[in-house]
**Student:** 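Handing you this structure, nothing more for now.
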Number of protein chains: 2
Amino acid sequence: MEVPTLYTYYRSSCSWRIRTTLNWKEIGYETIPINLLEDEQKTLEYTSINPFQVVPALKIDGVALTQSIAILEYLEETRPEKPLLPKDPIKRALVRSLVQAIVGDAQPITNLRVIKYVEETRRDEWTNYWATFSFQRIEALLAATAGEYCVGDEVTFADICLIPQAYNAAHRFKVDMSNFPIIQRIYNKCLELNAFKMAHPHRQIDCPDEFKENK
Amino acid sequence: MEVPTLYTYYRSSCSWRIRTTLNWKEIGYETIPINLLEDEQKTLEYTSINPFQVVPALKIDGVALTQSIAILEYLEETRPEKPLLPKDPIKRALVRSLVQAIVGDAQPITNLRVIKYVEETRRDEWTNYWATFSFQRIEALLAATAGEYCVGDEVTFADICLIPQAYNAAHRFKVDMSNFPIIQRIYNKCLELNAFKMAHPHRQIDCPDEFKENK
């Protein structure tokens with residue numbers, strides 16, 4: 001079987017979700033870095049793979065799939081080993097609800113193309129405001145669902161999506177994470193796991209040398 | 001079996017997705033309107049149902065579910081009659097990819113709470129820019145996937161999510177829809193179907209009288 005190819009950018013949280021999932025499910029893959037700061041997502045070649053001109057895209061099973069959550073669901077349906085969704089429909093709905101709170105409500109208004117469209121003088125305030133806004137609400141959701149991880153004691157797509165968002169909040173948007181003890185606890189716990197560790201931006205081949213970790 | 005209760009706002013595109021799906025699957029439901037202009041989503045009572053303080057929420061099978069896409073997936077898993085996802089995993093991924101392009105990339109940056117946070121003088125420019133930005137890309141995706149509807153010739157979640165977005169683009173964000181002939185064609189076709197017609201904002205009990213249609 002052909003090895004999947006991931007079009008990715010080391011700092012992209014949507015790419016990070018796919019990297020963690022591929023690692024978790026022990027699916028080997030090749031990496032093609034797309035440098036968003038140099039607008040490589042807008043080349044004709046990449047646009048033919050993903051007309052939305054965003055990362056990630058995943059070439060797998062003879063097709064190029066786009067949109068990280070569609071890819072996660074596809075991987076779960078076609079590679080059910082090491083599941084990342086619970087079996088019970090109500091628990092699955094709780095996981096997907098957290099996923100959408102992160103990928104639909106929290107991430108889109110703080111991503112690179114939106115921040116570039118906000119006045120330069122207001123960007124720090126903007127990202128801090130929205131990251132804090134969504135984390136207050138996600139922390140409240142987690143108070144009802146979390147065990148060791150976001151929903152109960154098993155790793156799910158909710159954790160896969162939470163970690164990049166928490167990393168960005170803490171390191172890029174200067175959010176005071178001490179206000180979000182459940183998120184912080186789950187963040188620390190996940191980053192002890194190999195699948196999450198190896199997917200971290202600082203371990204990627206396109207990470208600039210000054211940030212790179214090779215421990 | 002208890003009748004599901006939908007917490008909804010007539011103009012909310014996320015509520016509209018659920019209304020169409022419930023209609024499509026012929027699931028009867030009761031409506032509790034939450035007036036977003038009067039901040040009813042922030043009451044203690046509603047916050048206990050949905051800590052994210054957004055509509056919709058759906059009380060069903062003894063639980064309160066939140067996030068429209070999590071609810072759509074739940075309804076598909078527990079009420080598989082009149083399916084809204086194809087059987088083939090790759091086609092399912094195409095549907096979910098379009099869904100996420102709409103609900104993750106297009107909708108969040110033009111929703112009410114974000115627009116309120118953009119300077120007043122810039123709001124029209126902001127919503128027009130982002131609605132056009134995302135429709136250019138969604139039109140390109142549809143060029144590869146559309147038949148009579150978004151993906152092939154069957155109604156799917158992609159259509160359910162596209163219609164409210166197209167309505168908002170045309171009627172609220174002043175997007176020139178003649179640039180998006182595939183979106184426009186699918187929009188017209190869907191609004192001929194009863195499930196879509198009955199879910200339209202102007203047919204809802206909380207629609208102000210001046211907009212209301214009772215045809």
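Computed from a predicted model, the values in this text were never measured in an experiment. In what follows, chains are A, B, ... by sequence order, proteins preceding strands, each numbered from 1.
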**Student:** Output, in order, the C-alpha distance, side-chain angles, deciding distance and verdict of side chain to side chain contact (heavy atoms under 4.5 Å, CB included) for A/K25 and A/L84.
**Tutor:** CA-CA 9 Å; A/K25 290 181 172 283; A/L84 286 163; 4.2 Å; yes
**Student:** Sort out for me which of A/T78, A/I90, A/L65 touches chain B most, counting heavy-atom pairs under 4.5 Å.
**Tutor:**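 Heavy-atom pairs under 4.5 Å are most numerous for A/I90.
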**Student:** Under a 4.0 Å threshold between the charged nitrogen and the carboxylate oxygen, would A/R92 count as salt-bridged to B/E73?
**Tutor:**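 No, B/E73 and A/R92 are not salt-bridged.
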**Student:** Can you tell me which of A/W126, A/F133, A/Y129 forms the most heavy-atom pairs within a distance under 4.5 Å of chain B?
**Tutor:**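 It is A/Y129.
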**Student:** Given A/Y167, which of A/Y187, A/Y10, A/F196, A/W16 fulfils the ring pair (Phe, Tyr, Trp, His ring centres under 6.0 Å) condition?
**Tutor:**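 The ring pair (Phe, Tyr, Trp, His ring centres under 6.0 Å) with A/Y167 is passed solely by A/W16 among A/Y187, A/Y10, A/F196, A/W16.
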**Student:** Can you see whether A/D105 engages B/Q67 through a side-chain donor-acceptor pair at a distance of less than 3.5 angstrom?
**Tutor:**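 Result is yes, a qualifying pair exists.
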**Student:** Please report the shortest heavy-atom distance between A/I109 and A/V114, naming the atom on each side.
**Tutor:**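 Heavy atoms only, the tightest pair is O-CG1, 3.6 Å.
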**Student:** For residues A/D159 and A/E154, report the shortest heavy-atom separation together with the two atoms involved.
**Tutor:**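 Of all heavy-atom pairs spanning A/D159 and A/E154, the closest is OD2-O, 3.8 Å.
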**Student:** Using non-hydrogen atoms and a 4.5 Å limit, figure out which bit of B/E119 sits close to chain A: side chain, backbone, both or neither.
**Tutor:**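 Looking at B/E119, backbone and side chain both touch chain A.
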**Student:** At a 4.5 Å cut-off on heavy atoms, which part of B/E125 comes close to chain A: side chain, backbone, both, or neither?
**Tutor:**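 Contact with chain A involves both backbone and side-chain atoms of B/E125.
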**Student:** Tell me which of these, B/G62, B/A101, B/A93, has more heavy-atom pairs under 4.5 Å with chain A than the rest.
**Tutor:**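 Heavy-atom pairs under 4.5 Å are most numerous for B/A101.
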**Student:** We want to know whether B/T8 and B/R19 form a side-chain donor-acceptor pair, criterion being a heavy-atom distance below 3.5 angstrom.
**Tutor:**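 Yes - a donor-acceptor pair under 3.5 Å links their side chains.
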**Student:** Report which part of B/I138 has an atom under 4.5 Å of a heavy atom belonging to chain A: side chain, backbone, both, or neither.
**Tutor:**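 Looking at B/I138, backbone and side chain both touch chain A.
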**Student:** With no hydrogens and no angle check, just 3.5 Å: does a side-chain donor-acceptor pair link A/T66 and B/S97?
**Tutor:**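 Looking only at side-chain atoms, B/S97 and A/T66 do form a donor-acceptor pair, the distance falling under 3.5 Å.
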**Student:** With only heavy atoms counted, which part of B/S134 is less than 4.5 Å from chain A, the side chain, the backbone, both or neither?
**Tutor:**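 Both the backbone and the side chain of B/S134 come within 4.5 Å of chain A.
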**Student:** Report which part of B/V63 has an atom under 4.5 Å of a heavy atom belonging to chain A: side chain, backbone, both, or neither.
**Tutor:**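 Just the side chain, heavy atoms under 4.5 Å.
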**Student:** I need the residue from B/V95, B/L141, B/V99 with the largest number of non-hydrogen atom pairs under 4.5 Å to chain A.
**Tutor:**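 So the answer, after comparing B/V95, B/L141, B/V99, is B/L141.
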**Student:** Check whether B/V118 gets within reach of chain A through its side chain, its backbone, both or neither, counting any heavy atom under 4.5 Å.
**Tutor:**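 For B/V118, heavy atoms of backbone and side chain both lie under 4.5 Å from chain A.
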**Student:** Can you name the nearest heavy-atom pair linking B/E40 to B/N35, along with the distance?
**Tutor:**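 B/E40 and B/N35 have their closest heavy atoms at OE1-N, 2.8 Å.
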**Student:** If every non-hydrogen atom of B/A158 is compared with every non-hydrogen atom of B/L98, which pair is closest and at what distance?
**Tutor:**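 Minimum heavy-atom separation between B/A158 and B/L98: CB-CB, 3.9 Å.
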**Student:** So what's closer than 4.5 Å to chain A heavy atoms on B/R122: side chain, backbone, both or neither?
**Tutor:**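 The side chain, not the backbone.
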**Student:** What pair of heavy atoms forms the shortest contact from B/A106 to B/T110, and how long is it?
**Tutor:**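 The answer is O-OG1, 3.5 Å.
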**Student:** Where is the tightest heavy-atom contact between A/P4 and A/I27, given as atom of each residue plus distance?
**Tutor:**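 Looking at all heavy atoms of both residues, the closest pair is CG-CG2, 4.0 Å.
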**Student:** Given heavy-atom pairs under 4.5 angstrom as the criterion, report whether the side chain, backbone, both or neither of B/E77 touches chain A.
**Tutor:**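 Contact with chain A is through the side chain of B/E77 alone.
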**Student:** Could you list which of residues 41-55 of chain A have a heavy atom closer than 4.5 Å to any heavy atom of chain B, in residue-number order?
**Tutor:**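 Contacts with chain B: A/P51, A/F52, A/Q53.
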